[in-house]
Structures are given as structure tokens and as C-alpha cells.
Amino acid sequence: MSRDIRPSEERIWADIEALSEITDSALPGWTRQALTQADVDGRHRVRESMQQAGMETWIDTAGNVIGVLAGTAGGGRQLMLGSHTDTVEGGGRFDGVSGVVGAIEVVRALREADRRLRHDLVVVDFFSEEPNRFGLSCVGSRAMTGTLGHDTLGWTDSAGVAFGEVLPTAGIDPARVGEAVWDFSKVTAFLELHVEQGPHLEELGTQIGLVETITGVSRFRALFNGQSDHAGTTPMSRRHDAGCAAAGTVLAVERIASGQRDAKGTVGTLTFTPEAVNVVTQRAEMRGEFRSPDGTWLRHAEESLTRAAATEATGRGVTADVEWSTRQEPAGLSGGLLGTVADAVDGLGLSRSTLYSGAEHDAAVLARRVPTAMLFVPSRDGRSHCAEEFTDPAGITAGVAALAQSVLRVDAAEGTTS
Ligand code: HGY
Ligand code: MN
Ligand code: MN
């Protein structure tokens with residue numbers, strides 16, 4: 001006789017606390033950046049949780065941690081849940097983690113209630129969701145969906161090291177990343193629970209956010225090459241200052257994005273070579289991104305930035321080279337599945353609202369292969385990507401309950417739960 005599904009706030013919090021103890025202590029906040037030992041340790045902890053929850057587990061050839069709770073249909077249809085546990089530098093405890101821990105708690109709650117799904121329930125902790133030092137994000141989910149760029153392994157960091165060269169430090173064989181492609185023809189739906197990372201749910205006072213659109217993202221690296229010269233003897237009119245060309249382009253990013261509603265433009269890294277106050281900068285590298293719900297505008301912004309970099313460079317006798325490491329289209333999430341999740345939330349008597357995600361997520365990548373829905377829970381003060389990031393345990397547990405009921409409804413729509 002199966003009983004009601006009751007996710008445990010205590011177990012959820014214990015898992016979040018356990019992951020919180022795994023961090024790069026040399027850095028502020030919580031830091032488990034992809035390709036570091038802290039990230040590898042955190043993902044092994046996730047795998048242990050999956051195993052303790054009774055799942056079959058493995059790590060695929062792209063570093064994704066995968067757990068499966070077999071359904072009654074025996075290797076038939078699959079329902080996929082997941083998120084990520086890597087963080088930004090100095091990040092928080094909830095970004096991504098809430099979705100991975102929440103998905104594992106759904107498994108535990110189903111088993112505790114003796115509820116068997118028809119579907120196999122697949123839970124994934126995706127590798128390297130956050131943009132890593134190579135400017136690459138959602139690496140694991142892109143590998144599973146077969147949407148990694150052909151040049152991904154060749155992308156270099158600021159020191160010129162290629163992404164493919166460092167993958168073995170995370171136990172990943174670069175020659176086998178392509179084998180991680182998943183057969184999504186078997187997958188009925190993908191659902192991701194995540195903290196909002198913005199202020200809207202808290203301001204509205206609603207418990208669950210249903211995401212209608214996930215922002216598009218275009219990430220770039222711009223290299224400027226000029227000429228190093230003596231800072232004290234070289235007249236301003238005779239300089240080829242790569243640093244000034246880069247600085248003008250940083251302001252162009254701000255100008256391009258400021259002219260468009262809902263658009264964002266950010267330059268996150270800027271390095272000068274040589275790093276010497278008395279040498280005219282020979283080489284400058286900057287990495288940044290544009291975001292917008294409008295894919296056409298993103299293409300326009302890419303063209304505008306490339307033109308602006310050329311203008312800032314040419315006027316100084318400097319060369320500019322702009323490359324795009326990520327071009328992620330905005331993702332409109334499935335109407336049918338959204339309705340099913342809305343019914344699940346209503347069935348629990350939770351308040352809900354629909355919203356746009358200015359944050360990038362693996363769900364945007366999965367949405368290109370399978371009906372996808374994303375549920376948000378409120379972030380205190382709308383803060384994220386910082387140590388102050390916080391969502392209260394009851395808020396996360398409400399999100400997990402909504403996730404569990406959504407799973408039951410999707411499963412029932414495709415068969416019966418026993
Ligand atoms: O960058 C983002 O939007 C996400 O947190 N990875
Ligand atoms: Mn993030
Ligand atoms: Mn995230």
C-alpha cells in the first residue's frame with residue numbers, strides 16, 4: 001500500500017550541509033570550481049548520496065554523475081532530473097546544489113512511500129555548468145545532448161592551456177567525451193529545481209517560480225596585440241597600447257547592452273601583459289558575455305562588439321581578435337509540461353508565478369532535446385554567486401515536494417504508478 005510522498009527537510013538540509021563542507025578553503029564563500037579537487041570531491045559525495053538512496057550510479061565519459069532508480073516498465077521510458085554542484089569562485093551553497101540534492105530526495109521519498117514509477121528515474125549532477133576558466137559552461141549537459149562545439153577541447157585559458165589538456169585532472173579522458181551522448185528518444189521529460197538567484201519570488205511572496213524562458217548567452221574572448229614600449233619616453237602619439245584598446249572595448253560592452261531592454265553585458269576578466277606600470281601594454285585579453293531573451297539581438301550584439309573592438313584597435317595601430325566560446329540560444333520551456341508542473345504546485349496548495357531566468361542553466365541545453373521544465377524557489381534578497389546566497393530549508397523542501405508531484409504526474413500521464 002503506497003503512502004503520500006513526504007520529502008524530508010532534515011535529509012535535504014543534511015545533504016546541503018555535507019556538500020558545504022567541501023570547498024576550496026583558500027577562497028571566500030563556497031568554491032568548487034570545475035576541474036579542481038574540491039569539485040571532484042563534491043561530486044563523489046553526490047554519488048555516495050545516490051548510492052545510499054538505492055540508485056545504480058556511474059560517472060560518464062564527460063564527468064556527469066548519473067544515478068538511476070529503475071522503474072516498473074523495465075528499461076523503458078525515462079524521466080530525468082538534475083542540476084549541478086560546481087560553483088563560481090566565492091559562490092554560495094544553494095546554486096545548483098538545491099536541484100541535485102532535491103532530485104535525490106525525490107528518489108528517497110518515493111522509496112520511503114513505496115511508490116514505484118513506471119519510468120526509470122535518472123538523476124544527473126552535470127559537469128562544469130558554471131563558465132570555467134576557458135569560458136565554457138554547461139559542458140556536461142552539452143556532452144550528453146551532443147551539442148558541444150567541435151572546437152571545445154581546443155579552447156585555451158589565459159595562460160594558453162587547452163581545455164582538453166586539463167580534463168584528465170578531473171578524471172576525464174578528452175578522447176572519450178563524445179561517448180557521453182544520451183539517447184533522449186527514451187526520455188519523456190527533464191525537470192530542474194533551482195534557486196531563483198534573483199529577487200522576484202521574494203518580492204511577489206510566492207513559493208514556486210515556473211520558468212517560461214531561460215536567457216540566451218554569448219560569451220567571448222577578445223585578444224588585443226600592440227607594442228610594449230617605455231612608459232616614460234614613448235610619446236602618446238607613438239604608442240600601440242593594447243590595454244587602452246581593451247579598455248575602450250570594455251566600455252563598448254556596457255554601451256551595447258545598456259541600449260536594450262532585458263539585455264546584460266559583462267566583462268569579467270581583463271589581463272594585461274606585461275603587468276608593469278612603466279611599460280605600455282603589449283597584449284590584453286578580456287573575457288565577457290552578453291545575455292538576452294532575444295536571440296536576434298544577441299547576434300546583433302556580437303557584431304557590434306566585434307566592430308567596436310576593431311575600431312578601438314585600429315585607431316591605435318593594435319590588432320584585435322574576437323572569438324565566441326558560447327552561443328546559447330534563449331530557451332522557451334515546454335508549454336505542456338509547464339502546465340503539468342503548475343497542476344502539481346496547485347495540488348500542493350503552494351503559491352506560484354511564472355518568470356524569466358536571467359541565469360543560464362543546464363535546462364536550456366536539455367530543452368533542445370527533450371520537453372523541459374524548470375522550478376525556482378526564492379533566493380533571500382535575490383542574492384547569488386556570493387557567500388550571502390541563501391534559501392531557507394522549508395522553501396527548498398516545498399520546491400522538492402513540487403518536483404516530486406510533477407514527477408508523479410508525468411509518470412502517470414505515460415503509464416500508471418504502482
Ligand atoms: O552564469 C549563470 O547564469 C549560471 O549561474 N551558471
Ligand atoms: Mn551559477
Ligand atoms: Mn546554477
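Start at 1 and go down the list; that is how both ligands and their atoms are numbered.
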Seminar exercise, completed: the protein heavy atom lying closest to atom 5 (O) of ligand 1 turns out to be H385 NE2, 2.9 Å

For this session: Please confirm whether H84 comes under 4.0 Å of ligand 1, counting heavy atoms of the residue only.
Result: no

Exercise. Is E130 salt-bridged to R32, cutoff N-O under 4.0 Å?
Worked result: no

For this session: Look at the rings of W182 and W58 and say which category their plane angle falls in: under 30° parallel, 30 to 60° tilted, over 60° perpendicular.
Result: parallel

Exercise. Near the Mn ion (ligand 3), which protein N/O/S atoms are found at less than 2.8 Å?
Worked result: H84 NE2, D95 OD1, H194 NE2

Exercise. Are R47 and T57 close enough that a side-chain donor and a side-chain acceptor fall under 3.5 Å?
Worked result: yes

For this session: Consider only side-chain N and O atoms of E360 and S137, and report whether a donor and an acceptor are under 3.5 Å apart.
Result: yes

For this session: For the Mn ion (ligand 2), find the closest N/O/S atom belonging to H385 and write down its atom name.
Result: NE2

For this session: Inspect the surroundings of CD in E10 and state if more than 12 heavy atoms from other residues, nucleotides or ligands are less than 6.0 Å away.
Result: no

Problem set entry | Salt-bridge present (D346, R352; N to O < 4.0 Å) | yes

Exercise. Under 4.0 Å from any heavy atom of A359, which atoms of ligand 1 are there?
Worked result: 3 (O)

Exercise. Salt bridge between E303 and R299, side-chain N to carboxylate O under 4.0 Å?
Worked result: no

For this session: Determine which pairs satisfy side-chain hydrogen bond (donor to acceptor under 3.5 Å, both in side chains) with at least one residue from residues 80-100, sequence neighbours left out, and list them in order.
Result: S83-E192, H84-D86, H84-D95, H84-E129, T85-D125, D95-H194, D95-Q197, D95-H385

Exercise. Should you measure from each heavy atom of E129, which atoms of ligand 1 turn up under 4.0 Å away?
Worked result: 4 (C), 6 (N)

Exercise. How far is atom 2 (C) of ligand 1 from its nearest protein heavy atom, and which residue and atom is that?
Worked result: R291 NH2, 3.4 Å

Exercise. Name the one of R219, K264, R327 that satisfies salt bridge (Lys or Arg N to Asp or Glu O under 4.0 Å) with E289?
Worked result: R219

Exercise. Can you tell me which residue and heavy atom of the protein come closest to atom 4 (C) of ligand 1, and the distance to 0.1 Å?
Worked result: E360 O, 3.4 Å

